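Right, one structure below, let's go through it.
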Amino acid sequence: MAKINYAQEFNRSIKDPDNFWMEQAAHINWFQKPQRALTKDAEGFYRWFKGGKLNTSYLALDAHIENGRGNDTALIYDSPVTQTIEKFTYLELRDRVSRLAGGMKRLGVEKGDTVIIYMPMIPQAVVSMLACARLGAVHSVVFGGFAPHELAIRIDDAKPKLIITATSGIEVDRIIPYKPMVDEAIKMAAHSPENVIVYNRRLGAARPDGENDIDYATLMKIADPVRCIEVDATDPLYILYTSGTTGKPKGIIRDNGGHAVAMHYSMKHIYGVNPREVFWAASDVGWVVGHSYIVYAPLIYGCTTVLFEGKPVRTPDASTFWRVISDHEVKVMFTAPTAIRAIKKEDPKGEFIKQFDMSGLRYLFLAGERCDVSTLNWAGEKLNVPVIDHWWQTETGWPIVANMMGFEEQFDVKPGSATKPVCGYDVQILREDGSQSDPGEEGYVAIKLPLPPGTLPNLWGDTERFVKGYLTKFDGYYFSGDGGYIDPDGYVFITGRVDDIINVAGHRLSTAEMEEVVAKHPDVAECCVVGIEDDLKGQIPLAITVLKTGATIESFQLQSEVVADVRKEIGPVASLKKVLVADRLPKTRSGKILRKVIRAIADGKEFAVPSTIDDPEILKEIEDLFKEQMVGSFEKQA
Ligand SMILES: CCC(=O)SCCNC(=O)CCNC(=O)[C@H](O)C(C)(C)COP(=O)(O)OP(=O)(O)OC[C@H]1O[C@@H](n2cnc3c(N)ncnc32)[C@H](O)[C@@H]1OP(=O)(O)O
């Protein structure tokens with residue numbers, strides 16, 4: 001791989017984005033090349049490669065086949081929960097994708113239609129995504145850990161013509177029946193899809209048949225394969241919903257052209273991997289990591305990707321990751337710190353690692369949540385490869401800050417920092433008034449516009465929220481929602497969200513959404529949900545409630561009902577386990593709940609009593625409440 005200099009490239013990407021990204025765009029196969037990289041649309045938003053025509057499914061599959069690589073392995077499905085390992089060549093994957101696309105076309109799916117995919121980590125999920133891309137249909141993959149109510153919200157927002165699902169998923173040793181959840185979601189939603197394609201996994205899960213259900217296998221038998229259709233670079237490839245500060249999730253739009261260019265660029269320059277090598281992102285196709293680094297980037301770049309249906313522990317034990325790396329000769333791996341913490345807890349000395357040939361592993365990348373120093377160090381020591389913490393968001397689709405492995409010099413790691421801004425991202429730390437922070441001074445993490453290719457051009461059906469949420473706080477900047485600082489050496493440190501978003505085991509969740517559910521309990525007068533520190537999951541939600549006058553419910557009963565409600569409305573992924581009952585909540589004089597202070601008390605951290613507090617006495621009550629009811633965490637902090 002030709003090595004180039006980070007500083008020069010970074011400066012060029014910021015000063016001359018047009019030429020910088022036109023050069024990168026030359027690495028992908030366009031049906032019609034764009035004449036310019038950067039333009040503005042009718043609403044004044046930046047767009048990449050307008051005028052270019054391409055197809056993302058073509059880039060991920062057909063282009064490699066035309067290059068003589070049809071018999072190379074494109075996808076390895078490794079499923080410890082079903083004890084299956086299955087490999088698909090580019091040809092085999094293309095044939096499945098083009099056939100499913102043909103089947104979808106028979107069902108009336110056309111360019112621009114939306115399709116929801118609610119599936120476990122099985123090859124048919126990847127096939128479905130690429131089949132949509134082949135037709136120019138816009139997919140929206142919904143993570144399986146979300147409950148029917150969450151799926152219903154997304155159905156009403158995306159208005160899919162079709163839903164593709166499977167009969168079931170497997171969570172370690174439990175069968176999760178997906179199809180009944182889809183049926184329930186459709187009942188809840190105002191919008192009705194025309195058909196539901198169901199892949200029957202034959203695992204014994206209930207499989208209720210609906211009038212408009214289509215069996216995946218039958219459809220594949222009768223469908224004719226179809227060719228890729230040409231789409232505009234600025235046409236949407238997918239919508240991916242992510243938690244916002246209000247209850248309703250936001251539909252992040254990803255375009256085709258900018259995304260393809262960014263995916264290709266990132267594999268080489270950030271992840272330092274070569275085509276034909278094996279890349280493994282141990283995440284889920286329901287998250288952005290799954291979209292970008294299980295499906296699109298490795299395939300567009302011509303790598304072999306691994307689709308892993310299992311957990312870092314319990315499937316069957318803490319050796320699984322190392323077995324996968326060794327069996328499939330993984331060169332570069334990506335996972336969330338929480339997965340490494342789970343392994344470290346089970347196997348602190350890393351004994352399992354010694355049982356496998358890990359000599360092929362070049363780098364381990366971590367992202368999805370803040371990486372604590374001990375996890376970073378443990379992984380580096382035990383694996384004996386560079387462990388690279390990097391930072392990005394669903395909105396951007398690819399890394400914002402990283403130690404870029406494709407360059408001549410690799411920077412020394414400073415634990416707690418994701419290193420330096422990636423080419424294309426002019427990351428700045430701003431004060432409340434919009435002025436630039438000094439080195440080392442904490443502020444809001446913002447990115448000067450334009451954002452590079454592949455990042456969100458808008459929100460699905462909600463331009464106003466896009467502008468308000470990202471572009472208004474600092475004129476001319478994208479506001480990330482995170483706080484942080486840049487040290488005098490230019491290293492970026494992300495210190496955490498400045499809003500009510502929490503990150504539980506690498507899953508981004510909204511406390512506002514949880515509060516809405518808790519508040520609906522008939523005995524709850526008011527409540528708040530905050531994210532508190534957790535050794536394993538990084539953060540977990542904690543609900544604090546005040547009961548209605550006269551309510552006699554026992555606190556353990558309330559907890560079990562509220563936990564069940566949150567699981568039912570949001571899903572198991574929310575991981576709300578603890579609900580406390582307080583006499584009062586600390587508030588400002590204007591009635592705003594002091595969540596930050598509550599969080600600090602729960603985490604045993606120092607805090608300043610806000611001058612706007614209505615009654616400082618309540619803080620003492622909350623402190624006592626935590627001491628009484630959260631014995632475990634408080635003892636640990638003491
Ligand atoms: C950089 C940009 C980004 O941030 S993209 C997001 C990156 N994040 C990630 O990749 C997520 C990383 N986390 C993980 O993969 C998992 O949390 C790992 C570490 C594997 C642990 O999994 P697990 O033990 O299941 O814990 P969890 O907290 O994820 O799950 C909580 C409850 O939800 C359930 N769940 C999870 N996934 C599903 C699913 N697909 N379908 C149905 N249920 C699911 C879990 O079983 C668990 O349930 P329960 O509470 O035990 O009953």
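The first residue in the sequence is number 1, and the count goes up from there. What's counted below: heavy atoms across the whole structure, side chains too, no hydrogens, waters or symmetry copies. On a predicted model such as this, the values are computed, not experimentally measured, just so you know. Atoms within a ligand are numbered from 1 in the order they appear, just like the ligands themselves.
- Using modelled atom types and a 3.5 Å distance limit, the side chains of Tyr293 and Ser266 yield a donor-acceptor pair.
- Taking 4.0 Å as the cut-off between side-chain N and carboxylate O, Lys179 and Asp213 count as a salt-bridged pair.
- For Trp287, no nitrogen or oxygen atom sits less than 3.5 Å from a nitrogen or oxygen atom of ligand 1, counting backbone and side chain alike.
- Closest protein heavy atom to atom 5 (S) of ligand 1: Val289 CG2, 3.3 Å.
- Every atom of ligand 1 with a heavy atom of Pro312 under 4.0 Å away is listed here by number and element: 20 (C).
- Taking the six-membered ring where tryptophan is involved, the planes of Phe279 and Tyr271 are perpendicular, since the angle between them exceeds 60° and thus also 30°.
- Of all protein heavy atoms, the one closest to atom 24 (O) of ligand 1 is Arg314 NH2, 3.2 Å.
- A salt bridge does not link Glu346 with Lys311: none of the charged nitrogens is closer than 4.0 Å to a carboxylate oxygen.
- Looking at atom 42 (C) of ligand 1, its nearest protein heavy atom turns out to be Gly144 O, 3.4 Å.
- By the criterion of a heavy-atom distance under 4.0 Å, neither the backbone nor the side chain of Tyr118 is placed next to ligand 1.
- For the pair Lys420 and Phe10, the NZ or CZ position fails the cation-pi test of under 6.0 Å to the six-membered ring centre and within 45 degrees of the ring normal.
- Compare Lys537, His507, Glu171, Lys577 by their heavy atoms: the one nearest to atom 17 (O) of ligand 1 is in His507.
- Using a 4.0 Å cut-off between heavy atoms, Ser575 contacts ligand 1 through its side chain alone, with no backbone atom that close.
- Using modelled atom types, one finds a donor on one side chain and an acceptor on the other under 3.5 Å when comparing Glu395 with Tyr470.
- For atom 8 (N) of ligand 1, the closest heavy atom belonging to the protein is Gly506 O, 2.8 Å.
- For Pro148 against Ala185, the heavy-atom pair with the smallest separation is O-CB, 3.4 Å.
- In this model, no donor atom of one side chain and acceptor atom of the other lie less than 3.5 Å apart for Asp565 and His521.
- Between Arg154 and Glu150 a salt bridge is recorded (basic side-chain N to carboxylate O distance below 4.0 Å).
- Aromatic ring centres of Trp280 and Phe321: separated by under 6.0 Å.
- Contact annotation: for Phe143 versus ligand 1, heavy atoms closer than 4.0 Å belong to the side chain alone.
- For Pro572, heavy-atom contacts with ligand 1 shorter than 4.0 Å involve the backbone as well as the side chain.
- Each of the atoms 12 (C) of ligand 1 lies under 4.0 Å from some heavy atom of Ala336.
- Of the listed options Val288, Val573, Ile176, Ile170, Val288 places a heavy atom closest to atom 2 (C) of ligand 1.
- For the pair Tyr178 and ligand 1, a heavy-atom separation below 4.0 Å is found.
- Distance from atom 1 (C) of ligand 1 to its nearest protein heavy atom, with residue and atom name: Trp392 CE2, 3.4 Å.
- Atoms of ligand 1 found under 4.0 Å from any heavy atom of Gly145 (numbered from 1 in listed order, with element): 38 (C), 39 (C), 40 (N), 41 (N), 42 (C), 43 (N), 44 (C).
- Ranking protein heavy atoms by distance to atom 19 (C) of ligand 1, first place goes to Thr338 CG2, 3.6 Å.
- Residue-level proximity to ligand 1 for Arg508 is absent, since no heavy atom of it falls below 4.0 angstrom.
- Ring geometry for Phe479 against Tyr444 counts as perpendicular: the plane angle is over 60°, on a 0 to 90° scale with 30° as the lower cut.
- Taking each of Gly368, Ala342, Ala505 in turn, the one with a heavy atom nearest to atom 12 (C) of ligand 1 proves to be Ala505.
- For Trp398 and Tyr296, the side-chain atoms include no donor-acceptor pair closer than 3.5 Å.
- A salt bridge links Asp157 to Lys248: one of the charged nitrogens lies within less than 4.0 Å of a carboxylate oxygen.
- Evaluated by nearest non-hydrogen atom to atom 23 (P) of ligand 1, the leading choice among His291, Arg567, Lys311, Arg174 is Lys311.
- For a threshold of 3.5 Å applied to N or O pairs, the pair formed by Ser283 and ligand 1 contains at least one separation below that value.
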